[in-house]
Amino acid sequence: MARVRSRAEEVAGTDAGGGVIQRVLVVDDSRLQRRILTASLQRWGFDVQEAESGEDALRLCRDHPPDLVMSDWMMPGLSGLEFCRRFREMPHESYGYFILLTSKSDKDEVALGLDAGADDFLTKPVNAAELRARISAGARILRMQRELTEKNRLIKSTLDELQTLYDSLDSDLIEAKKLQQSLVSERYRDFGAAEVSLILQSAGHVGGDLVGMFPIGATRIGLYGIDVSGHGISSALMTARLAGYLSASVPEQNLALRKTRDGRFVARPPAQAIAMLNRLIMSEMETEHYFTLVLADVDLESGRVILSQAGHPHPALQRADGTVEFIGAGGLPVGLIDGAEFEQFEVRMGPGDRLLIHSDGVIECAGKSGALLQEEGLAAILRELRQTRGMALLESLVWKLSEFAGDAEFNDDISGVLLEFKGSGFPG
């Protein structure tokens with residue numbers, strides 16, 4: 001007939017190890033002491049290994065890492081203290097709980113044991129009830145440690161997955177940036193009577209700014225600067241859509257142009273073209289985005305420029321003598337109010353004059369003190385760069401903005417269209 005386990009044994013077997021302690025290593029140069037400890041541990045259901053020296057114990061630990069080590073302090077050869085140090089230096093998949101068996105109770109000796117890596121102490125001769133209590137305490141520590149290890153493993157696994165997703169998204173955004181930059185396929189053109197330079201620099205991978213130019217006829221060109229609300233992918237998708245509505249390569253899709261009966265394309269008044277864009281955005285595009293815009297019709301022979309401003313910053317007109325004025329009356333952004341009306345105005349440019357259509361990322365660039373550049377700061381930069389022309393001017397402008405911001409990253413996209421008028425008599 002099988003022996004019925006006592007309540008004390010059931011408690012010991014269930015609670016002492018808590019399931020986290022299964023393999024126990026007993027290390028003692030005394031065979032009798034090993035057998036006494038092993039008998040209690042096996043009775044409580046533990047898988048017990050024995051070693052008579054620290055050297056033997058290390059070999060066993062390498063082959064079969066224990067959950068719990070109980071080692072005598074005083075042993076010939078490798079002492080329990082040195083064995084503990086060597087045990088802690090070994091690589092382990094999981095933490096091993098270490099109890100030193102000792103007759104030492106001096107505080108300095110206890111400190112030495114803790115410094116060597118021991119977790120707990122038992123005074124010899126070992127009391128069975130105290131042994132079971134110390135094993136239970138060790139089981140609680142191991143359980144928390146293993147739960148923490150598992151949570152860390154899950155966190156690492158999640159972070160690895162997130163990193164993979166981030167890398168994939170980052171790669172997609174890099175490609176998206178290339179595609180967005182390709183919307184501005186031509187950054188500079190010399191029309192003879194005038195030169196046009198474009199710059200587009202996103203604050204992030206992709207942005208909501210767009211600049212461009214398109215031909216109207218043999219002696220006229222269209223220019224535009226757009227700034228879509230918000231930042232990131234949704235704004236960039238909006239700019240891609242708008243690029244088609246002001247296409248330089250497909251005039252049939254360009255809302256700023258209309259086709260005559262004889263097949264030619266002529267310009268719509270800029271205010272009328274913007275009103276058409278507003279109706280289109282309000283009626284057909286389901287989006288919360290709106291955008292600001294300056295649309296200009298440039299006559300290369302006379303220097304007359306007709307502009308319509310829809311919430312975009314006032315363009316900067318720099319005369320040949322270096323003076324700078326900001327033109328326009330503001331107006332409503334596109335895509336805010338159905339049926340909104342837009343106005344247009346005109347300026348006359350002479351030889352040596354230049355016009356800069358810029359985004360608010362320029363004048364709202366924050367300096368090291370937090371103050372914004374504003375129109376006065378932009379005018380000062382243009383006066384300082386009076387002798388700099390074309391793309392060199394736009395690149396120098398970005399450099400000056402970076403210097404003003406203290407080399408910090410820009411918080412908004414930087415874009416601009418630079419029209420430099422030389423006059424119709426200038427050889428093309």
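The basis for the numbers below is simple: all heavy atoms, side chains too, and nothing from hydrogens, waters or symmetry mates. Fair warning: this is a prediction, and the values are worked out from it, not measured in the lab.
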> Residues two or more places apart in sequence or in another chain: which of them pass salt bridge (Lys or Arg N to Asp or Glu O under 4.0 Å) with Arg348?
Replying inline: none
> Under the side chain to side chain donor-acceptor pair (under 3.5 Å) test, which residues partner Asp321, sequence neighbours left out?
Replying inline: Thr323
> Are the side chain of Ser235 and the backbone of Ser229 linked by a donor-acceptor contact shorter than 3.5 Å?
Replying inline: yes
> Would you say the side chains of Asp227 and Ser359 form a donor-acceptor pair under 3.5 Å?
Replying inline: no
Can you give the donor-acceptor pairs under 3.5 Å from side chains of residues 266-277 to other protein atoms, not counting sequence neighbours?
{"unit_1": "Arg268", "atom_1": "NH1", "unit_2": "Leu255", "atom_2": "O", "d": "3.0"}
{"unit_1": "Arg268", "atom_1": "NH1", "unit_2": "Leu257", "atom_2": "O", "d": "2.6"}

>> Is the distance between the ring centroids of His92 and Phe87 under 6.0 Å?
In response: yes
>> Looking at Arg389 and Glu195, is any side-chain nitrogen of the basic one under 4.0 Å from a carboxylate oxygen of the acidic one?
In response: no
>> More than 12 heavy atoms of other residues, nucleotides or ligands under 6.0 Å from CZ of Arg86: yes or no?
In response: no
>> With a sphere of 6.0 Å drawn around CZ of Arg88, does it hold more than 12 non-hydrogen atoms of other residues, nucleotides or ligands?
In response: yes
> Residues two or more places apart in sequence or in another chain: which of them pass salt bridge (Lys or Arg N to Asp or Glu O under 4.0 Å) with Asp63?
Replying inline: none
> How far apart are the closest heavy atoms of Ala57 and Val27, and which atoms are they?
Replying inline: CB-CG2, 3.6 Å
> Quick one: does Glu346's side chain have a donor or acceptor within less than 3.5 Å of a partner on Val305's backbone?
Replying inline: no
> If you measure from the Lys or Arg side-chain nitrogens to the Asp or Glu carboxylate oxygens, is any gap between Asp353 and Arg319 under 4.0 Å?
Replying inline: yes
>> Looking at Glu341, I'd like to know if its CD atom is crowded, meaning that more than 12 non-hydrogen atoms belonging to other residues, nucleotides or ligands lie closer than 6.0 Å.
In response: no
>> If I take atom CG from residue Leu25 and atom CG from residue Leu68, how far apart are they, to the nearest 0.5 angstrom?
In response: 9.0 Å
>> Parallel, tilted or perpendicular: which one describes the rings of Trp44 and Phe46, with boundaries at 30° and 60°?
In response: perpendicular
>> Quick check against the 3.5 Å criterion: does Gln309 have a side-chain atom that pairs as donor or acceptor with the backbone of Gly330?
In response: yes
>> Just to verify, what does Arg264 make a salt bridge (Lys or Arg N to Asp or Glu O under 4.0 Å) with, not counting sequence neighbours?
In response: Asp262
>> To the closest 0.5 Å, what do you measure between CE (Met70) and CG (Leu101)?
In response: 5.0 Å
> Looking at residues at least two apart in the chain, or sitting in another chain, which of them share a salt bridge (Lys or Arg N to Asp or Glu O under 4.0 Å) with Arg153?
Replying inline: Glu150
>> Please determine whether a side-chain nitrogen of the Lys or Arg among Arg134 and Glu130 lies less than 4.0 Å from a carboxylate oxygen of the Asp or Glu.
In response: yes
